[in-house]
Amino acid sequence: MVAKKFPVAKDALHAVSQRVILEHQQSEGGYLACPVMPDYQFSWFRDGAFIAYALTIDGERNPMQHPSGIAAQWDSAGRFHHWCARQINGRSEALERTITRAQRGEPIVIADTLNARYHDMGEAGPDDWPEFQLDGPGIWLWSVAKYVEVCRARPLPILWENAITLVVRYLSAVWRTPCYDCWEELGSDVHISTLAAIYAGLSAAQRLIPTLNTEGVRAEIKAFILENGLTPGGELAKSVGVDMVDANLLLAALPDDGLLSPDDPLMLRTVARIERDLLAEGHGVHRHRKDTYYGGGAWVLLGLWLAWYKVQIGDAARARELVAWAEAHADSNGYLPEQVNDAMLDPTFYEGWVKRRGEIANPLLWTHAKYMIVQNALADIS
Ligand code: BGC
């Protein structure tokens, strides 16, 4: 793919991001991950939670008018959280069965867990998908807590409170169970980024509803990671027993409720190895060294995520460089893709994926969300 320059002023990319996201929110509240790729024309908790977080922050800083009387960004994020709460509460019986099984030490029945992708009206996407993923509901808890805090959405709607409580009990019961990671890969491993997402979600939920008291489970998760989730070099590992990092470990430093503070030595070592092993200079960041999805290109989404982390540790100059790379990969509409294929780890896999799924997802709403998050974070420190 030859990177085409987005011809208009940089601020316009922020406006395009707002528009792309708001236009592709579905009538019931979910966001399409990507409007043009058939396999991505669904809503995910994970993508949506980051999108809603971006809108929450953006609505505070750059409110867009909306007939509801609150910022259009807040109206949209609120509708997404409401949609999530409905999906979760609608599956309460199945989730209760899973909680009971997990508490008795019995195996999980996948049909009784939360799905990864949903149609807007609530039905789960087609079955041929790695559905059992625990990071998404964790990130949702983190995102909804931020929404309630920033938008002062009190009293908490009862529907939301029920969903939050149920997700906390679900994650507290099943966190040790192997599941697919946030890249929807390797379902029989225990992934450290997934545990970090659960940790952040449980922490955020407790701030929201103090009676939930998630401290004990969080302490267990952290102790488990420190005992089983480090590489021989002392970085967070991609998964238990693996001497590799994955760029998704940036999840460990989510603002406010992260497993680690951004400047914790363990986080600094982990990011240093991500930069050593996975940075595709000038393009973005690879997911992990064994990635073959679309040839294992450099993810614009991850370049922006690294930029967000750099802002968190006060390195605005590096963050700006990373943002500039992402901007250079906007197409002529200002759309930002999931990844770019000018720096593939294994190009032999590229065509196979194009045949199977079509061109690389573009626009990817989650990438646009990351762009808005970084822009607002940079504006906050300047
Ligand atoms: C990514 C997921 C993402 C999904 C939709 C997948 O290829 O690995 O992280 O949720 O696309 O954007």
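Residue pairs meeting the salt bridge (charged side-chain N to carboxylate O under 4.0 Å, His left out) criterion with at least one partner in residues 55-70, sequence neighbours excluded, are Arg61-Asp380. Sorted by first then second residue, the salt bridge (charged side-chain N to carboxylate O under 4.0 Å, His left out) pairs that include residues 309-323, not counting sequence neighbours, are Glu275-Lys310, Arg318-Glu321. Legend: ring-ring contact (aromatic ring centres under 6.0 Å, His included) pairs involving residues 209-228, not counting sequence neighbours, sorted by first then second residue: Trp175-Phe224. Sorted by first and then second residue, the salt bridge (charged side-chain N to carboxylate O under 4.0 Å, His left out) pairs involving residues 126-140 (not counting sequence neighbours) are Arg46-Asp135. Screening residues 168-180 for salt bridge (charged side-chain N to carboxylate O under 4.0 Å, His left out), with sequence neighbours left out, gives Glu96-Arg169, Arg176-Glu220.
By the side chain to side chain donor-acceptor pair (under 3.5 Å) test, Glu28 is found to be paired with Arg86, residues two or more places apart in sequence or in another chain being considered. Take Asp120 and apply the salt bridge (charged side-chain N to carboxylate O under 4.0 Å, His left out) test, not counting sequence neighbours, and it matches no residue. Checked against salt bridge (charged side-chain N to carboxylate O under 4.0 Å, His left out), Arg154 has no partners two or more places apart in sequence or in another chain. Scored by the salt bridge (charged side-chain N to carboxylate O under 4.0 Å, His left out) test, Arg152 finds no partners at all (sequence neighbours excluded). Residues satisfying the salt bridge (charged side-chain N to carboxylate O under 4.0 Å, His left out) test with Glu106, not counting sequence neighbours, are Arg104.
In summary, the aromatic rings of His24 and Tyr31 are positioned with their centroids too far apart to meet the 6.0 Å limit. Taking the centre of each ring, Tyr180 and Phe132 stay at or above the 6.0 Å mark.
With a 4.5 Å cut-off on side-chain heavy atoms, Thr270 and Leu266 count as touching. Counting heavy atoms from C-beta on, the side chains of Thr56 and Glu149 never come closer than 4.5 Å. Side-chain atoms of Glu161 and Ile209, non-hydrogen and from C-beta on, do get closer than 4.5 Å to each other.
Ring geometry for His368 versus Tyr335: interplanar angle over 60°, hence perpendicular rather than tilted (30 to 60°).
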Listing, residues 354-366 side-chain donor-acceptor contacts under 3.5 Å, not counting sequence neighbours, or none:
| from | atom 1 | to | atom 2 | distance (Å) |
| --- | --- | --- | --- | --- |
| Arg357 | NE | Asp39 | OD2 | 2.9 |
| Arg357 | NH1 | Tyr293 | OH | 2.7 |
| Asn362 | ND2 | Asp331 | OD2 | 3.1 |

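Here the side chain of Gln26 pairs no donor or acceptor atom with the backbone of Gly30 at under 3.5 angstrom. The backbone N or O of Ala71 lies less than 3.5 Å from no partner atom in the side chain of Asp75, so there is not a single donor-acceptor pair.
Ion pairing between a basic and an acidic side chain is recognised when a charged N comes within 4.0 Å of a carboxylate O; Asp246 and Arg287 show no such pairing. For Glu235 and Arg273, the salt-bridge test passes: some basic side-chain N is under 4.0 Å from an acidic carboxylate O. Arg289 has no carboxylate O lying under 4.0 Å from a charged side-chain N of Asp277, or vice versa, which leaves the two without a salt bridge. With salt bridges taken as basic N to acidic carboxylate O contacts below 4.0 Å, one links Asp181 and Lys238.
Through chains of ILVMFWY side-chain contacts below 4.5 Å, Val242 is grouped with Met244.
Side-chain atoms of Gln25 and Trp83 form no donor-acceptor pair, as typed in the model, at a separation below 3.5 Å. Side-chain contact of Trp160 with His82: a donor-acceptor pair under 3.5 Å is present, judged by distance alone.
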